There are 2 protein chains.
Amino acid sequence: MERKTTRAQFIAVSLKLFQQKGFKATTMRDIAQELNIEAATIYNYIKSKQALLDGLLFEIANRFHEGLSNIESSSYAPVDKLKALVNLNVRLTVEYPYHVALLVNDWKHLEEPRRSAFVKNREEYEGMVRQIIQAGIKTGALRPMDAEIATYAVLSSIRWLFLSLIHI
Amino acid sequence: MERKTTRAQFIAVSLKLFQQKGFKATTMRDIAQELNIEAATIYNYIKSKQALLDGLLFEIANRFHEGLSNIESSSYAPVDKLKALVNLNVRLTVEYPYHVALLVNDWKHLEEPRRSAFVKNREEYEGMVRQIIQAGIKTGALRPMDAEIATYAVLSSIRWLFLSLIHI
DNA sequence: CCTACCGATCGGTAGG
DNA sequence: CCTACCGATCGGTAGG
């Protein structure tokens with residue numbers, strides 16, 4: 001019988017269990033059992049449970065952040081930037097549904113100072129969205145509206161999409 | 001110095017901490033510390049941590065369920081039932097934001113067999129919403145659409161509202 | 001990838 | 001509402 005667990009398998013199983021039971025409720029022994037290895041062996045793949053969360057969270061958060069940065073620095077008109085933003089959200093959510101689930105459900109369990117860094121990253125992201133919306137209002141392409149509320153509306157669509165994808 | 005913690009205080013503190021840290025990450029000692037009592041004293045107010053979660057979850061879930069049952073058995077037209085449903089959601093979310101937060105974030109931590117009962121309750125709720133939408137389509141009051149997706153759209157609005165209320 | 005552990009913490013109980 | 005605990009579990013380490 002082949003042993004040898006790959007790092008990719010370890011990550012996939014971790015993400016699946018985090019989504020099913022939540023980060024806090026998932027123990028290293030849960031993950032190990034699913035991989036048919038001992039709990040101690042997990043530390044060949046990762047430094048700590050917290051480092052695992054950190055890596056997964058910033059991996060997907062950075063993809064969102066970088067994607068939106070590229071859109072913002074483009075020469076698109078505001079409305080086209082908005083379309084590109086929705087496209088980015090759909091694409092990332094479809095490609096990384098479990099990462100997005102972790103992002104939405106378990107970012108609170110990041111420990112300081114990384115938690116603050118994460119929140120700052122998210123606030124920058126929201127700020128970029130709001131700026132695009134405000135620019136669209138100023139050019140007249142968007143009817144006057146509360147940019148803050150519109151930002152929430154756009155961002156909450158991410159949550160909705162991943163919920164349908166993962167089927168909760 | 002007055003001692004004496006009321007049960008209402010205990011519930012309020014528990015809900016606040018569950019929202020801030022999540023159910024699993026909140027320990028009985030966290031709650032006790034916030035109330036300036038010993039952890040053991042908590043068991044004068046509740047039988048177990050699981051029973052606390054159970055009580056809070058079904059309290060709010062039943063309010064949603066009963067509210068929608070009343071709407072469904074009314075003689076309103078489908079579109080007016082839909083309006084009453086949105087009204088119900090807004091009202092309960094504004095009145096019980098922390099209960100709703102717990103409902104959205106921590107229902108997974110209910111243990112069997114109560115977890116299954118909870119999921120069944122939610123599926124009935126979703127089924128009632130879907131039926132109202134389907135009735136509205138049949139009478140022509142609503143344009144033809146995918147009732148399942150429309151149901152998700154209505155229900156996801158709950159999440160969005162409580163997120164704004166609690167400010168995450 | 002495993003054996004053999006360990007210190008810390010957690011939910012909870014006994015008995016006032 | 002407290003003191004005094006306890007069994008179970010958890011993240012993690014040492015040393016192969």
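Below, all heavy atoms of this structure are taken into account, side chains as well, without hydrogens, waters or symmetry copies. For clarity, every value in this text was computed on a predicted model and none was experimentally measured. Letters go in sequence order (proteins before strands), and every chain restarts at 1.
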Inset, instruction - Check whether any side-chain nitrogen or oxygen of A:Y45 sits under 4.0 Å from OP1 or OP2 of C:dC1, and answer yes or no. - result: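 Yes, such a contact exists.
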Legend entry - N/O (side chain, B:S48) to phosphate O (OP1/OP2, C:dG11) under 4.0 Å: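 The answer is no; no side-chain N or O of B:S48 sits under 4.0 Å from OP1 or OP2.
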Inset, instruction - Select from A:A39 and B:A25 the residue whose nearest nucleotide in DNA chain C is closer to the 5' end of that strand. - result: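 It is A:A39, whose closest nucleotide lies nearer the 5' terminus.
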Starting at atom [atom1] of [X], determine the distance to atom [atom2] of [N], rounded to an integer number of angstrom.
X: A:K21; N: D:dT9; atom1: NZ; atom2: P; value: 12 Å
X: A:R29; N: D:dG12; atom1: CZ; atom2: P; value: 11 Å
X: A:Q50; N: C:dA8; atom1: CD; atom2: P; value: 20 Å
X: A:I42; N: D:dC10; atom1: CD1; atom2: P; value: 12 Å
X: A:M28; N: D:dC10; atom1: CE; atom2: C1'; value: 10 Å
X: B:E38; N: C:dA14; atom1: CD; atom2: P; value: 19 Å
X: A:N44; N: D:dT13; atom1: CG; atom2: P; value: 12 Å
X: B:Y43; N: C:dG15; atom1: OH; atom2: C1'; value: 17 Å

Legend entry - Complementary nucleotide of C:dG16, counting Watson-Crick and G-U pairs under 3.5 Å: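 Paired with C:dG16, as far as the under-3.5 Å criterion goes, is D:dC1.
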Inset, instruction - Scan every strand shown for a Watson-Crick or G-U wobble partner of D:dC10, both distances under 3.5 Å, and answer none if you come up empty. - result: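 Result: C:dG7.
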Inset, instruction - Considering only NZ, NE, NH1 and NH2 on the basic side and carboxylate oxygens on the acidic side, decide whether A:R130 and A:E126 come within less than 4.0 Å. - result: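 Judged by the 4.0 Å cut-off on N to carboxylate O distance, A:R130 and A:E126 do not form a salt bridge.
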Legend entry - Sugar-phosphate, base or nothing in reach of B:T27, heavy atoms under 4.0 Å: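 If one applies the 4.0 Å heavy-atom cut-off, B:T27 turns out to touch the sugar-phosphate alone, with no base involved.
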Inset, instruction - Without swapping roles, check the side chain of A:K108 against the backbone of B:Q19 for a donor-acceptor pair under 3.5 Å. - result: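 Yes; at least one donor-acceptor contact below 3.5 Å.
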Legend entry - Check: B:T93 side chain, B:V90 main-chain N or O, donor-acceptor pair, under 3.5 Å: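 Such a contact is absent between B:T93 side chain and B:V90 backbone.
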Legend entry - Positive for ring pair (Phe, Tyr, Trp, His ring centres under 6.0 Å) with B:F18, one of B:W107, B:F23, B:Y98: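 Only match with B:F18 under ring pair (Phe, Tyr, Trp, His ring centres under 6.0 Å): B:F23.
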Legend entry - A:N44-A:T41 side chain donor-acceptor pair, cut-off 3.5 Å: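 No pair is found: no donor N or O on one side chain lies under 3.5 Å from an acceptor on the other.
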Inset, instruction - Let me know, please, whether A:D30 or A:K47 comes out on the 5' side of the other along DNA chain D by nearest nucleotide. - result: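 Looking at DNA chain D, the more 5' nearest nucleotide goes with A:D30.
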